[in-house]
Amino acid sequence: MTMRLDYLSIFPGYFDVLDISLLGKAVDNGLVEVHAHDLRDWTHDRHRTVDDTPCGGGAGMVMKPDPWGEAFDGIIGIEPDPSVHVIFPTPSGIPFTQSAAQELSTVERVVFCCGRYEGIDHRVIDYARTMWTVHELSLGDYVLNGGEVAALAITEAVVRLIPGFMGNPESLAEESFSPGQERLLEYPLFTRPVSWRGMDVPEVLMSGHHGRIAEWRREESLLLTRDRRPDLTD
Ligand SMILES: NC(=S)c1ccno1
């Protein structure tokens with residue numbers, strides 16, 4: 001399966017980075033197909049206007065619905081198709097999690113809608129919900145200048161889970177939040193040299209005793225999770 005990824009933004013250049021490193025390799029080996037689009041290509045005035053003042057007053061500008069609707073028509077189509085997943089990165093979205101990334105890694109088409117200014121006219125999201133499967137997702141309780149950086153983060157979290165993407169899929173099994181990890185944070189990692197600036201790799205990790213190593217790692221994960229993310233242990 002090839003996953004098609006579309007990005008709608010007034011700064012499509014943000015997505016040039018997807019040609020680099022592992023994501024670039026995924027494109028080269030046909031796992032993903034990436035298309036970045038300039039929302040202004042669906043405007044018709046000299047200034048290629050995409051925003052206007054908010055109805056009801058308030059600071060800032062709101063993205064007009066018209067360019068989004070015409071871009072949807074051109075990029076996705078005018079027929080409803082729930083197999084198309086449309087993602088709006090937004091601070092007011094539901095928290096994006098590893099399980100959401102896992103679910104999205106199995107779909108064939110994802111369209112990212114990257115808002116700017118104060119946000120997108122809500123009718124755009126309401127319209128999209130009548131046509132496709134919509135996800136309003138938040139990376140965390142903070143505000144970015146737009147959805148592009150969040151779209152890149154979500155892309156990386158999703159694409160790396162596509163079968164065939166990672167050279168060694170086993171490396172996915174023990175990461176933080178991996179399925180079967182009981183929502184535990186990953187244990188501390190070490191490699192050579194065994195001694196570095198007066199600090200040594202924990203002896204148990206050099207013992208070759210797999211049972212003890214597994215026990216140490218689980219205990220470290222439990223301690224780390226309890227200390228940093230008690231919410232995960234509820
Ligand atoms: N926190 C997220 S996802 C966001 C998107 C735009 N601004 O913040």
Side-chain angles (χ1 to χ4, degrees), residues 3-18 20 23 32 34-43 48-69 71-72 75-76 84-107 109-129 132-162 175-177 183 185 228-229 231-232:
M3 179 185 286
R4 174 170 168 148
L5 298 165
D6 286 272
Y7 301 84
L8 255 175
S9 165
I10 59 173
F11 297 116
Y14 263 89
F15 304 101
D16 294 350
V17 72
L18 293 177
I20 300 173
L23 275 175
V32 298
V34 173
H35 301 269
H37 311 273
D38 186 344
L39 183 68
R40 294 187 194 278
D41 289 349
W42 285 277
T43 62
R48 293 162 55 91
T49 307
V50 293
D51 63 317
D52 200 342
T53 53
C55 295
M61 303 292 275
V62 176
M63 298 191 91
K64 295 161 55 68
D66 323 62
W68 287 98
F72 285 161
I75 295 168
I76 312 176
V84 176
H85 290 249
V86 179
I87 296 177
F88 294 87
T90 171
S92 58
I94 62 169
F96 177 64
T97 62
Q98 188 68 16
S99 54
Q102 196 69 50
E103 286 171 28
L104 285 168
S105 70
T106 63
V107 310
R109 181 131 197 230
V110 179
V111 180
F112 286 93
C113 300
C114 302
R116 281 269 154 173
Y117 307 101
E118 298 305 314
I120 303 170
D121 184 301
H122 200 75
R123 290 168 293 181
V124 171
I125 298 163
D126 287 343
Y127 170 76
R129 287 191 185 280
W132 308 294
T133 300
V134 170
H135 310 265
E136 292 181 75
L137 298 178
S138 172
L139 293 191
D141 295 337
Y142 48 83
V143 180
L144 303 168
N145 287 332
E148 289 82 4
V149 167
L152 285 169
I154 295 168
T155 298
E156 181 151 319
V158 169
V159 171
R160 67 193 297 274
L161 298 176
I162 296 175
E175 294 178 329
S176 297
F177 311 109
R183 290 159 52 86
L185 299 182
R228 293 182 184 171
R229 292 293 305 277
D231 59 296
L232 295 178

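Atoms within each ligand, like the ligands themselves, are counted from 1 in listed order. In what follows, every heavy atom counts, from backbone to side chain, and hydrogens, waters and symmetry copies are set aside. All values reported here derive from a predicted model rather than from experimental measurement.
Residue Gly140 places at least one N or O, backbone or side chain, under 3.5 Å from an N or O of ligand 1. Of the N or O atoms in Tyr142, one or more lie within a sub-3.5 Å distance of an N or O in ligand 1.
Counting protein heavy atoms only, atom 3 (S) of ligand 1 is closest to Leu139 N, 3.1 Å. When hydrogens are left out, the protein atom nearest atom 8 (O) of ligand 1 is Leu144 N, 3.1 Å; that is the closest non-hydrogen contact. Atom 6 (C) of ligand 1 has its closest protein heavy atom at Gly146 O, 3.5 Å.
Here the CG-CZ distance, from Asp6 to Arg4, works out to 4.0 Å after rounding to the nearest 0.5 Å.
In terms of heavy atoms, Met61 sits closest to Tyr117 at O-CB, 3.2 Å. Here the closest heavy-atom approach between residue Ser105 and residue Ile162 is recorded as O-CG1, 3.8 Å. Closest of all the heavy-atom pairs between Ala71 and Leu39 is CB-CD1, 4.1 Å.
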Pairs under 3.5 angstrom only: tabulate donor-acceptor contacts from the side chains of residues 120-127 to other protein residues two or more places apart or in another chain.
| unit_1 | atom_1 | unit_2 | atom_2 | d |
| --- | --- | --- | --- | --- |
| Asp121 | OD1 | Arg123 | N | 2.8 |
| Asp121 | OD1 | Arg123 | NE | 2.9 |
| Asp121 | OD2 | Arg123 | NE | 3.3 |
| Asp121 | OD2 | Arg123 | NH2 | 2.6 |
| His122 | NE2 | Asp126 | OD1 | 3.4 |

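Near Ser138, meaning under 4.0 Å from any of its heavy atoms, are these atoms of ligand 1: 1 (N), 3 (S). Listed by number with element, the atoms of ligand 1 under 4.0 angstrom from any heavy atom of Pro91 are 1 (N), 2 (C), 4 (C), 5 (C), 6 (C), 7 (N), 8 (O).
Of the residues Val134, Leu137, Val111, the one that meets the side chain to side chain contact (heavy atoms under 4.5 Å, CB included) test with Ile87 is Leu137.
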